[in-house]
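What follows is a single structure, written as structure tokens, with notes after it.
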Number of protein chains: 4
Amino acid sequence: MQGKTTDKRGEILDAAKAAFAERGFARARIADIARKISMGHGTFYRYFNNKLDIFFSVLDGIFADIARVVADEDPSSTNSLEEYRGQILRVGRRLYGMFLADDRLAQIIFYEAPGVDPELDRRMDEVSAAINRYTEAYLQNGIQKGFLRRGLDARILAKAVDAMIFAGLRDLSASRDKEREAERWLDAVCTLMLEGMGTGRNNA
Amino acid sequence: MQGKTTDKRGEILDAAKAAFAERGFARARIADIARKISMGHGTFYRYFNNKLDIFFSVLDGIFADIARVVADEDPSSTNSLEEYRGQILRVGRRLYGMFLADDRLAQIIFYEAPGVDPELDRRMDEVSAAINRYTEAYLQNGIQKGFLRRGLDARILAKAVDAMIFAGLRDLSASRDKEREAERWLDAVCTLMLEGMGTGRNNA
Amino acid sequence: MQGKTTDKRGEILDAAKAAFAERGFARARIADIARKISMGHGTFYRYFNNKLDIFFSVLDGIFADIARVVADEDPSSTNSLEEYRGQILRVGRRLYGMFLADDRLAQIIFYEAPGVDPELDRRMDEVSAAINRYTEAYLQNGIQKGFLRRGLDARILAKAVDAMIFAGLRDLSASRDKEREAERWLDAVCTLMLEGMGTGRNNA
Amino acid sequence: MQGKTTDKRGEILDAAKAAFAERGFARARIADIARKISMGHGTFYRYFNNKLDIFFSVLDGIFADIARVVADEDPSSTNSLEEYRGQILRVGRRLYGMFLADDRLAQIIFYEAPGVDPELDRRMDEVSAAINRYTEAYLQNGIQKGFLRRGLDARILAKAVDAMIFAGLRDLSASRDKEREAERWLDAVCTLMLEGMGTGRNNA
DNA sequence: GATGAATGAGATTTCATTCAT
DNA sequence: TATGAATGAAATCTCATTCAT
């Protein structure tokens with residue numbers, strides 16, 4: 001659409017993403033970002049207002065990517081535990097695939113972004129909350145359809161489930177055999193969600 | 001033990017904990033910390049080598065507190081799901097109580113510490129891993145004792161469970177009725193761990 | 001004369017005059033000037049060498065306007081105090097009229113130009129000196145013709161008189177009823193020049 | 001009173017006064033000021049908030065010096081033209097003496113301060129106005145006592161007189177034999193104020 | 001031990017100017 | 001001739017750390 005301008009902006013964003021992932025917000029220098037793409041560092045300021053501005057932009061991009069994956073499924077479309085499990089795995093695999101494809105995402109989201117700026121912390125919490133609401137809608141659907149138990153604390157459970165999924169994303173970035181580890185995580189999350197770990201024999 | 005020195009060191013640590021929680025590592029100034037306890041900021045360097053040093057010390061203190069709570073129970077002491085649930089709740093309540101008693105813990109652990117220093121990130125991951133191992137021991141005990149299902153991916157599930165518990169700690173800091181919210185979190189985590197959310201009727 | 005080029009140059013000069021009056025030399029940006037006339041800011045450099053160059057040009061224009069007004073009268077044409085007063089008022093009214101018609105002149109001359117560049121300061125002093133010499137010629141004429149007292153320190157008095165006239169110009173830019181204020185200034189200057197403020201009764 | 005601190009602050013102020021007089025506000029660098037007194041440039045910021053802050057401080061000092069000279073006489077103490085002339089000469093000589101003793105004053109006041117900052121321009125105008133009011137009080141006293149003519153436009157004339165005095169100050173800084181030139185200026189100003197330049201024979 | 005004045009490395013940001021198109 | 005994207009010099013300001021007292 002905007003041709004070159006967009007390309008350059010995208011180029012800078014990508015270099016910044018790398019710089020922030022490598023060094024964190026405080027230690028990454030504008031000059032580093034510029035050097036990565038052989039650009040005068042003054043040029044940076046033609047595309048972004050300041051350092052915080054581009055950090056927000058990098059994160060907005062990541063948030064948008066996550067939102068796209070999460071919002072791609074319809075919470076009310078599943079009618080059984082089995083279908084639900086399938087849906088979880090589908091979303092999970094796409095999400096995990098996205099993070100596997102780009103190491104920098106986990107680094108930035110989990111390590112570099114927190115604490116940089118109060119407004120950014122707020123925005124991250126907002127994104128979390130939005131995802132939580134989405135997950136809660138899935139749970140409500142399951143309760144309504146009868147394949148999830150009545151009386152579940154859907155609001156809290158949604159947060160708990162999301163926390164597990166994101167813990168997996170974080171854990172992955174430190175793993176060797178990432179694909180296999182991802183599968184194990186998705187499997188474990190499904191297990192906990194649907195069946196728990198108990199034998200059912202609640203006798204002692 | 002060491003009399004005054006220890007007191008002063010503790011005083012500085014406490015002021016630093018507050019400063020780091022309020023402003024984050026980068027924005028907290030050594031002079032701020034000193035001013036909080038009416039101390040010349042030069043004196044700071046008699047007790048700590050540098051800014052990063054005290055940040056590590058603050059976090060070591062928090063880690064130790066957490067470890068004390070976590071390690072207070074014996075993983076092999078439970079023999080039934082019911083006992084296990086009791087144990088989870090006991091540990092959980094102490095952990096949640098600790099974070100409820102001091103807002104700064106969650107702020108520092110979840111928002112301010114990540115990304116400050118690679119070595120610190122490593123150490124936090126280490127602490128996480130230690131807790132994970134502990135949790136895994138609980139799970140292994142349950143499997144052995146037969147009240148948790150065979151074939152569970154204990155390593156991953158331990159991480160997933162811990163992630164939920166820590167997500168609750170983070171969530172709490174933003175809540176109003178913290179005590180009640182804490183109970184809901186513990187309840188939800190127990191539910192997922194032991195029973196999952198499914199109705200068991202896996203018919204579709 | 002030179003057609004389009006001259007027009008464009010004039011357009012730029014006018015935009016620059018406005019920009020310098022509004023923001024001062026340091027804060028006015030070349031891009032501002034260009035934007036005012038919907039011109040690419042690179043084009044600026046086809047007409048002027050650099051920022052200082054156009055500032056000099058703006059001031060040269062103002063100096064030329066002033067010179068035209070001042071030099072319009074013949075210092076030796078007056079033969080009486082009354083004629084001299086008339087001449088002062090004529091020149092004064094044209095000068096004040098010029099500054100009243102364009103607020104930017106006073107702003108630039110009195111507030112923005114000083115201190116920008118040593119060479120420019122020198123040039124302004126030169127213009128002042130030229131005006132002073134002109135005024136001195138008037139005084140010398142009056143002394144010769146006998147309607148000004150012998151023994152006057154014409155060189156200094158010329159500067160003093162010019163200082164008053166320019167103080168009026170500066171003062172005007174802050175006034176409400178500028179026309180009326182201008183008349184009061186001219187009147188006051190004439191009074192001081194020709195009669196002073198004393199009652200003549202130099203008894204004590 | 002405050003011992004060393006005051007000394008250092010004074011030292012910095014003096015170095016800054018020199019730097020601003022030599023290079024002007026924009027071109028003077030904080031590092032220059034610091035180097036002049038063999039001080040680390042970071043130290044500067046222990047005594048002044050920023051560059052503009054010290055410029056204001058330098059000017060406040062100059063304003064205070066001027067005010068002290070101007071306010072040292074009582075406007076209502078003179079009863080005759082002769083006494084008034086004496087008073088003008090006394091104040092004038094002190095003022096001129098002050099500027100003769102320190103070249104930098106005229107340079108800063110007349111060349112470097114204007115246009116640096118709108119607030120500063122306002123403050124300079126305020127100082128001017130205060131001096132004008134003082135002068136006006138002298139004139140009103142003279143009118144009341146009868147040694148200045150009734151019907152004079154005291155407000156404007158006060159400004160005109162002050163303009164001459166300050167023009168002399170400015171002119172002095174470019175002169176060779178400054179003492180002699182100062183006397184000529186004071187003499188000329190007195191002449192214009194009290195007697196004007198006319199022969200009195202307003203016949204043609 | 002305690003203090004706080006002094007230090008200077010270091011990074012952001014601005015904007016006049018250039019130059020390829 | 002006109003354009004505006006790109007450039008990088010330059011200077012402010014912060015604050016952890018040192019060290020003389």
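Every chain is numbered from 1 and lettered A, B, ... according to where its sequence line falls, protein lines coming before strand lines.
- Each of Gly42(C) and Arg27(B) was assigned the nucleotide of DNA chain F with the nearest heavy atom; the assignment lying further toward the 5' end belongs to Gly42(C).
- For the atom pair CZ (Phe110(A)) and CE (Met124(A)), the distance works out to 8.0 Å, reported to the nearest 0.5 Å.
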Report the C-alpha distance between Asp14(C) and Val58(C) in whole Å, list the side-chain angles of each, state the deciding distance to 0.1 Å, and finish with yes or no for side chain to side chain contact (heavy atoms under 4.5 Å, CB included). CA-CA 8 Å; Asp14(C) 197 62; Val58(C) 164; over 6 Å; no
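- Put simply, Tyr47(C) has a side-chain N or O that comes within less than 4.0 Å of OP1 or OP2 on dA2(F).
- Each of Met39(D) and Ala31(A) lies near DNA chain E, and the nucleotide nearest Met39(D) is the one positioned closer to the 5' end.
- How far OG of Ser173(C) is from CD1 of Ile109(C): 12.0 Å, rounded to the nearest 0.5 Å.
- Ring geometry for Phe55(C) versus Phe20(C): interplanar angle over 60°, hence perpendicular rather than tilted (30 to 60°).
- Atom CG of Asp117(B) sits about 4.5 Å away from atom CG of Leu52(B), to the nearest 0.5 Å.
- In this structure, Ile12(D) places its CD1 atom 8 Å from P of dA6(E), rounding to the nearest Å.
- Whole-Å rounding puts the Arg9(C) CZ to dA2(F) C1' distance at 17 Å.
- Between Asp7(C) atom CG and dA2(F) atom P the separation is 12 Å, expressed in whole Å.
- As judged by a 4.0 angstrom heavy-atom cut-off over every strand, Arg29(B) is placed among residues touching the sugar-phosphate backbone only.
- In terms of the side chain to side chain donor-acceptor pair (under 3.5 Å) criterion, residue partners of Asp60(B) (sequence neighbours excluded) are, by chain and number, Arg123(B).
- The pair Lys36(D)-Glu22(D) counts as a salt bridge, with a side-chain nitrogen and a carboxylate oxygen less than 4.0 angstrom apart.
- Comparing Lys51(A) and Lys51(C) against DNA chain E, the residue whose closest nucleotide sits nearer the 5' end is Lys51(A).
- The side chain of Lys8(D) contributes an N or O atom lying less than 4.0 Å from OP1 or OP2 of dA6(E).
- Near DNA chain E, meaning a heavy atom under 4.0 Å away, there are no residues from residues 19-26 of chain B.
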Using side-chain hydrogen bond (donor to acceptor under 3.5 Å, both in side chains), reason through Tyr45(C) and Asp53(C) one step at a time and then give a plain yes or no. CA-CA 10 Å; Tyr45(C) 290 89; Asp53(C) 181 29; over 6 Å; no
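- Separating the CZ atom of Phe44(A) from the C1' atom of dT12(E) is a distance of 10 Å, rounded to the nearest angstrom.
- The distance between atom CZ of Arg35(C) and atom P of dT3(F), rounded to the nearest whole Å, is 14 Å.
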Both atom distances under 3.5 Å, Watson-Crick or G-U wobble: I'd like the secondary structure of DNA chain F as a dot-bracket string, with | for pairs made across strands. .||||||||||||||||||||
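- Rounded to the nearest 0.5 Å, atoms CD1 (Ile12(C)) and CZ (Arg46(C)) are 11.0 Å apart.
- Going from atom CG of Leu52(A) over to atom P of dT12(E) covers 12 Å, rounded to whole Å.
- Across the protein-nucleic acid pair, His41(C) atom NE2 and dT7(F) atom P stand 14 Å apart, rounded to whole Å.
- Using a 4.0 Å cut-off, some side-chain N or O of Tyr45(B) falls inside it from OP1 or OP2 of dT17(F).
- The side chain of Arg46(D) lies closest to dA6(E), out of dT13(E), dC13(F), dA6(E).
- Thr43(D) has no side-chain polar atom (N or O) that falls below the 4.0 Å cut-off from OP1 or OP2 of dA5(E).
- Taking atom CD1 of residue Ile30(A) and atom P of nucleotide dA11(E), one finds them 11 Å apart after rounding to whole Å.
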Working for salt bridge (charged side-chain N to carboxylate O under 4.0 Å, His left out), residues Arg122(A) and Asp125(A): CA-CA 5 Å; Arg122(A) 207 187 52 69; Asp125(A) 286 347; over 6 Å; no
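- Nucleic acid contact class of Ala34(D) (heavy atoms, under 4.0 Å, all strands): none.
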